[in-house]
Every structure is written in C-alpha cells, then in structure tokens.
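Only heavy atoms go into these numbers, but all of them, side chains included; no hydrogens, no water, no symmetry mates.
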Amino acid sequence: MSIKDKIWAAFPGIQIQTGNLEVDPENLSVSVSPESLLAFAKFIKEDKDLSFDFLRCLTGMDWDEQGLGVVYHLESTLHKHTLVVKIISADRENPELPSVCHLWKIANLYEREVYDFLGINFTNHPDLRRLFLRRDDWVGYPLRKDFDMSREINPLRMSNETAMDTTSTLTIDEEGNVVEQTAVLFGEDEYVINIGPQHPATHGVLRFRVSLEGEIIKKLNVYCGYIHRGIEKMCESMTYPQIPAYTERLDYLSAMQNRHAYCMCVEKALQIEIPERVQYIRTIMDELQRINSHLLFFSTLCMDLGALTAFFYGFRDREIILDILEETTGGRLMFNYNVIGGLQADIHPDFIKRVKDFITYLRRKLQEYHDIFTGNIITQNRMKGVGLLSREDAISFGATGGTGRGSGWACDVRKRHPYAMYGKVDFKEITYPDGDCYVRYLVRMDEIVESMHIIDQLIDNIPEGEYRIKTKPIIRLPEGCYYAAVEASRGEFGVYMESRGDKKPYRVKFRSTGLPLIASIETIARGVKIADLIAIGGTLDYIVPDIDR
C-alpha cells in the first residue's frame with residue numbers, strides 16, 4: 001500500500017496533494033486541520049509502514065488571508081520516504097496550534113522559533129518563550145506579512161539580560177479553554193552560572209545558563225539571538241540572484257555547500273538541466289569545503305582541550321585549501337562561486353594540479369594529527385564515554401552530520417538523496433555506534449579521508465563543456481513550494497521556498513544544521529562535569545550565525 005493510500009485509509013477525506021511531479025516525484029503533501037494534527041502526527045510517526053521519525057524542517061508561514069500556519073518536512077529513516085504536512089490557523093488575532101514536541105524533540109526549539117517570529121501559540125508546549133528576539137521588549141512578529149518595518153519600534157534595551165527564570169505553558173482544560181500557566185526554569189536555591197555569550201568555548205556569541213550541583217550539570221538552558229541578522233526576512237525583499245550571498249554568511253565553513261543548496265532549489269523549480277562539467281566542479285568544491293571545515297574543527301577542538309601544537313597543524317594545512325579556492329574564486333571565506341545555472345567562472349588552469357598535490361600532501365600529514373592528538377591519553381580520557389547521545393535521540397533532535405553519524409545514524413544527504421555527482425562516486429558513510437565525544441571527533445577525521453577519495457575519482461575526469469548556462473535576467477519561479485538539501489559540513493542544510501510567481505520569493509526558510517545540535521546539548525550534558533561541556537560543544541561543531549540566521 002502506498003503512503004497516500006495508507007494515510008487515506010486512516011484519515012478518509014484528508015486533503016492530499018502530489019505537487020509538481022515533474023519537478024519532484026516524491027513531493028507528497030498533506031493538509032491537516034489543527035483539530036486533527038495530534039492524531040495524524042502520532043499515526044504517521046508510530047505506524048510501522050510509515051515511521052516518519054525524522055522531522056527535517058519546520059517552517060512558520062503567513063499565508064495572508066488564509067491565516068498563519070506551519071509546514072513540516074518529515075522523513076522516515078527506516079523506509080527513506082518523505083512527506084510534507086501543512087496546517088493553518090485561520091485566527092490571525094490569536095493563532096493556536098497543538099505542539100508536537102512530545103513526538104519529535106527538535107520541535108521544542110522549532111516551535112519556539114515560529115512563536116518568536118510569527119506569534120503562533122503552541123498548546124502544551126513546555127517552554128513557550130521567544131528564542132531569538134529580546135523577550136522583554138521586542139514588539140511584534142517580524143515574519144508576518146503585515147509587520148510594519150517602516151518605523152523604529154524596538155530600541156535596544158538590556159532588560160532581557162536579566163535572569164529569565166520563568167516561562168509560560170499553554171494547556172487546554174476539560175472545557176476546551178486555553179489556560180496559560182507559569183513554569184519555573186531555575187529555582188532560587190539552584191546554583192546557576194553563565195557560560196557565554198562572550199566565551200571562546202561557545203564558538204561564537206551563544207549563551208548557556210547552567211545549573212550545577214558541585215561540578216555536575218543538573219540543568220542547561222540555551223539562549224540564542226545575540227548575532228541574529230534577520231536573513232530569512234531580508235530574502236523576501238531580494239530577487240533570486242541576490243539571495244545566494246546571504247547563504248554563505250549563515251555558515252562560513254559551509255559556504256560552498258549552502259550556496260549549492262540554494263542554487264539547486266531554484267534550478268529544480270525552473271527545471272534547468274545543469275551541465276555535467278558544473279556538477280563535477282560543484283562536487284569537488286563541496287568536498288574541499290568539507291575538508292576545510294573539518295580541519296578547522298580539528299584545530300579548534302584541540303585548542304579547547306589545551307593541545308595548542310595540534311591547533312597550528314590544522315591551520316597550516318587549511319591555508320593550502322584556501323589558497324587553491326582563492327585562485328579560482330577570488331575569495332577565502334565567502335566565495336560567491338555557485339550561481340543559478342552553473343558557476344561564476346571556470347576553474348583556474350592550475351586547479352587540477354594543485355588539488356592533486358594537496359591530496360597527496362594531506363594524506364601524509366593526517367598521520368601527524370593522529371600521532372599528536374588522537375592517540376594522546378589526555379584526549380581519550382577527556383572524550384571517551386563523555387557526552388553520550390543515543391541514536392534515537394539523535395533522530396528525534398534531527399542532529400545530522402558528524403553528530404548523528406557518531407550515534408550510529410546513517411543520515412548523510414549524499415547517500416539519502418544523492419545530488420550532483422554523489423550518486424556516481426564510491427565513498428563510505430562513516431558511522432560509529434558509541435555516541436560519545438570521541439567518536440564524533442573520529443567521524444570528522446575519517447570523513448576527511450573519504451572526501452579525498454571522492455575528489456580522487458573526479459579530479460582527472462572533469463568533462464569539457466559549459467561552466468554556466470544562460471538564464472533570464474529576471475528570474476521568476478513557477479508558483480509553488482520547493483525544498484532542496486545538501487550534506488553541508490555540519491549536516492543537512494535545507495532550503496525551503498514558496499513562490500507566488502514573482503521575481504522575489506514569498507517565503508524562504510533555511511534549515512539550520514546547528515539548531516538541532518544545540519537543542520540536544522541539555523540531553524547530552526545532563527549529569528556530566530562542567531569541564532566536559534567544553535568537549536561536548538567542540539565535538540558538536542555548531543556555527544552560531546547558522547543557528548541565529
């Protein structure tokens with residue numbers, strides 16, 4: 001029985017759309033009423049033939065006269081099928097939807113984000129407060145279409161830097177009325193410390209409030225938004241060719257891959273056939289970017305744990321990649337290389353030789369990394385058995401990338417949904433079952449080897465042809481919804497777009513790789529020593545601008 005038939009049998013009369021099958025054959029979309037959402041969500045997650053256990057993305061939407069709502073992108077890790085679920089609350093004055101965070105743990109932060117930017121209240125959510133914007137003094141919900149951006153209404157005050165030890169929960173009583181209850185985050189008798197937002201071990205302006213009993217972490221709360229720039233909102237006023245520059249600034253260590261995802265999403269919508277030469281070069285560039293990111297991961301983790309010599313090793317070798325990329329793209333951090341329809345320019349004449357020389361060089365140098373750090377007894381004592389994350393929790397939090405694979409979850413987008421040349425090259429998906437800091441480190445180190453193996457298969461076989469096809473000067477996407485994802489350096493980076501047929505998108509949502517990682521931190525860190533939080537944060541490898549967006 002197909003997914004459509006299975007859903008139809010359980011929920012007769014439910015609205016099911018197949019989308020544009022020419023663009024995406026698996027684009028199955030279901031519209032659910034708020035009253036039916038909990039029963040429907042429980043069914044599609046727990047039914048053994050469906051098993052939608054991975055909430056890939058949750059997008060808050062303002063559909064004008066239709067109302068406010070949410071789009072859920074779901075996937076079954078067992079059966080590999082995907083599903084899009086849409087739900088609308090017609091009441092713009094007091095929009096309410098049921099929370100699904102008891103089914104998918106990542107929905108806790110995803111729903112807080114939607115509440116923050118669109119003002120949708122989620123009933124039975126245990127911690128409904130703003131996630132990014134200033135809790136005490138921010139006025140309005142900026143992703144609403146009627147939000148007035150023409151006047152200054154939010155003067156910067158520091159009142160939300162004070163202790164925020166209470167939150168609200170919306171529950172439904174026996175008569176069906178919504179009741180707001182206050183919950184306490186930290187009690188007066190708890191010993192609470194701040195880590196960040198100005199702290200090198202938080203890898204950016206991220207703040208943890210941690211409740212300690214001696215040296216043991218009893219509770220941890222994450223505070224985001226210190227670097228929030230409103231990129232998703234800005235995209236609504238940009239044309240499609242203008243937006244890619246923003247994708248690179250979300251995660252500057254996945255710049256190539258993020259831009260690739262965006263271009264791929266637009267190209268899918270336009271049904272553009274990309275030249276094979278472009279696909280080869282994009283794949284090689286993505287893997288060079290992955291090695292670049294993993295070398296910086298190695299360097300900063302070593303520094304966090306006190307191994308300063310190893311820190312310099314990683315930076316030394318990363319410079320060679322940056323030199324190669326600069327020669328072709330002109331940039332060392334933001335490359336502006338992928339464009340809609342292809343590449344900004346062809347590769348430099350020395351590109352192939354320099355990449356091959358670098359691969360030969362790095363294979364020798366990797367042994368130095370393992371000699372000085374991996375096998376070090378201090379390294380192993382600090383990371384082995386520390387910061388455990390189970391496979392089930394990794395899936396429930398949507399913690400993809402090296403974190404998920406370190407918990408035994410084969411979550412690589414390059415294998416799940418092959419794109420570019422990944423369906424035609426041979427490489428292993430690195431997984432470990434242990435789920436601790438040490439194997440999260442090993443996954444990235446082993447992935448450097450696999451990235452070099454992918455490049456080896458492609459670098460001497462780049463076909464001749466165009467590096468860019470001609471597109472219209474003004475791009476208008478056909479009306480509809482589109483989603484594309486790549487395996488970025490830290491996991492699945494997705495781009496969801498809704499078009500009304502204009503030259504600017506109606507809504508753009510970027511599926512952050514880092515938000516699921518920080519969502520899982522309290523589960524990972526609860527019961528460990530405060531010093532272990534540094535190793536945990538380092539091996540999760542999140543990037544804060546990607547989280548804040």
Side-chain angles (χ1 to χ4, degrees), residues 34 57-71 86-99 101 107-123 125-162 164 166-170 178 180-183 185 197 205 207 222-238 243 246 250 496-498 500 502 504-510 512 515 544-545 547-549:
C57 186
L58 190 155
T59 306
M61 292 293 302
D62 182 352
W63 282 297
D64 290 331
E65 66 281 351
Q66 286 183 277
L68 302 167
V70 173
V71 177
K86 297 182 180 180
I87 181 170
I88 301 175
S89 173
D91 185 358
R92 291 188 66 90
E93 296 301 318
N94 189 30
E96 290 174 0
L97 298 174
S99 172
C101 62
N108 188 308
L109 289 196
Y110 281 168
E111 289 171 354
R112 283 180 59 191
E113 180 180 7
V114 174
Y115 166 73
D116 198 357
F117 294 129
L118 287 154
I120 299 176
N121 294 300
F122 291 91
T123 55
H125 190 289
D127 184 11
L128 197 61
R129 58 197 164 104
R130 288 193 185 271
L131 180 63
F132 296 106
L133 303 179
R134 302 190 303 276
R135 176 183 176 186
D136 294 340
D137 58 4
W138 183 274
V139 179
Y141 304 102
L143 282 184
R144 288 195 182 190
K145 295 299 180 181
D146 55 4
F147 181 73
D148 186 1
M149 297 188 1
S150 64
R151 58 194 178 92
E152 293 186 23
I153 56 174
N154 286 292
L156 179 60
R157 295 192 294 270
M158 302 306 290
S159 56
N160 100 318
E161 293 299 311
T162 60
M164 296 181 289
T166 60
T167 184
S168 60
T169 302
L170 299 178
V178 177
E180 184 174 353
Q181 297 178 332
T182 300
L185 296 174
V205 280
R207 177 188 178 202
V222 177
Y223 291 79
C224 308
Y226 290 93
I227 200 172
H228 183 69
R229 293 166 293 174
I231 284 178
E232 290 182 8
K233 182 67 175 180
M234 288 194 289
C235 288
E236 296 177 8
S237 60
M238 300 290 171
I243 293 174
Y246 291 106
L250 296 171
Y496 174 72
M497 277 191 286
E498 183 164 323
R500 296 286 177 91
D502 300 321
K504 299 175 182 178
Y506 183 77
R507 173 77 162 100
V508 176
K509 164 71 176 181
F510 296 116
S512 165
L515 192 58
V544 175
I547 296 167
D548 283 1
R549 300 186 309 291

Atom of Pro505, atom of Ile243 and distance for their closest heavy-atom approach:
CG-CD1, 3.6 Å
Would you compute the distance between atom CG of Asn121 and atom OG of Ser99 and round it to the nearest 0.5 angstrom?
11.5 Å
State the CG-NE2 distance between Leu97 and His125, to the nearest 0.5 angstrom.
12.5 Å
Go through the steps to decide whether Val114 and Glu111 satisfy the test side-chain contact (heavy atoms from CB on, under 4.5 Å), and finish with yes or no.
CA-CA 5 Å; Val114 174; Glu111 289 171 354; 5.5 Å; no
Using salt bridge (Lys or Arg N to Asp or Glu O under 4.0 Å) as the criterion, list what pairs up with Arg92, not counting sequence neighbours.
Asp62, Asp146
Side chain to side chain donor-acceptor pair (under 3.5 Å) filter on Ser512, not counting sequence neighbours, yields Asp546
Sequence neighbours excluded, which residues qualify as salt bridge (Lys or Arg N to Asp or Glu O under 4.0 Å) partners of Asp502?
none
ring-ring contact (aromatic ring centres under 6.0 Å, His included) against Tyr141, all qualifying residues, sequence neighbours excluded:
none
Worked verdict on Lys509 versus Arg549 for side-chain contact (heavy atoms from CB on, under 4.5 Å)
CA-CA 10 Å; Lys509 164 71 176 181; Arg549 300 186 309 291; 3.4 Å; yes
Gap separating the CZ atom of Phe510 from the SG atom of Cys235, nearest 0.5 angstrom:
4.0 Å
Can you list everything that forms a side-chain contact (heavy atoms from CB on, under 4.5 Å) with Gln66? Sequence neighbours excluded, please.
Trp63, Ile88
Nearest heavy-atom approach of Pro34 to Pro98 is O-CG, 3.6 Å
Using the test salt bridge (Lys or Arg N to Asp or Glu O under 4.0 Å), find all partners of Glu498 that sit at least two apart in sequence or belong to another chain.
Arg500
Is the closest side-chain heavy-atom distance between Thr59 and Arg507 below 4.5 Å?
yes
If you take all heavy atoms of Gly119 and Pro95, which pair is closest and at what distance?
O-CG, 3.5 Å
Applying side chain to side chain donor-acceptor pair (under 3.5 Å), name anything that partners Arg112, two or more places apart in sequence or on another chain.
none
Could you pull out the closest heavy-atom pair between Pro142 and Trp138, with the gap in Å?
CD-NE1, 3.8 Å
Under the rule for side chain to side chain donor-acceptor pair (under 3.5 Å), what residues qualify as partners of Asp548, not counting sequence neighbours?
none
Output the distance between atom CG (Leu68) and atom CD (Glu96), rounded to the nearest 0.5 Å.
12.0 Å
Is Lys145 salt-bridged to Glu65, cutoff N-O under 4.0 Å?
no
Can you find a pair of side-chain heavy atoms, one from Tyr110 and one from Leu515, that are under 4.5 Å apart?
yes
How far apart are the C-alpha atoms of Arg129 and Leu185, what are their side-chain angles, what is the distance that settles it, and do they pass the side-chain contact (heavy atoms from CB on, under 4.5 Å) test?
CA-CA 12 Å; Arg129 58 197 164 104; Leu185 296 174; 3.6 Å; yes
For Arg207 and Tyr226: C-alpha separation, side-chain torsions, deciding distance, then whether side-chain hydrogen bond (donor to acceptor under 3.5 Å, both in side chains) applies.
CA-CA 9 Å; Arg207 177 188 178 202; Tyr226 290 93; 3.3 Å; yes
So which atom in Pro545 and which in Arg229 form the shortest heavy-atom distance, rounded to 0.1 Å?
CB-NH2, 3.3 Å
Non-neighbouring partners of Ser89 that pass side chain to side chain donor-acceptor pair (under 3.5 Å), sequence neighbours left out:
none
ring-ring contact (aromatic ring centres under 6.0 Å, His included) filter on Phe117, not counting sequence neighbours, yields Phe132, His228
Return the set of residues passing salt bridge (Lys or Arg N to Asp or Glu O under 4.0 Å) with Arg144 (not counting sequence neighbours), or none when no residue passes.
none
Between Glu236 and Leu143, is there a side-chain heavy-atom distance shorter than 4.5 Å?
yes
For the residue pair Leu58 and Val71, establish whether any side-chain heavy-atom pair is separated by less than 4.5 Å.
no
Between the CD1 atom in Ile120 and the CZ atom in Phe122, the distance rounded to the nearest 0.5 Å is 5.0 Å
In Å and rounded to the nearest 0.5 Å, what is the CG to SG distance from Leu133 to Cys224?
11.0 Å
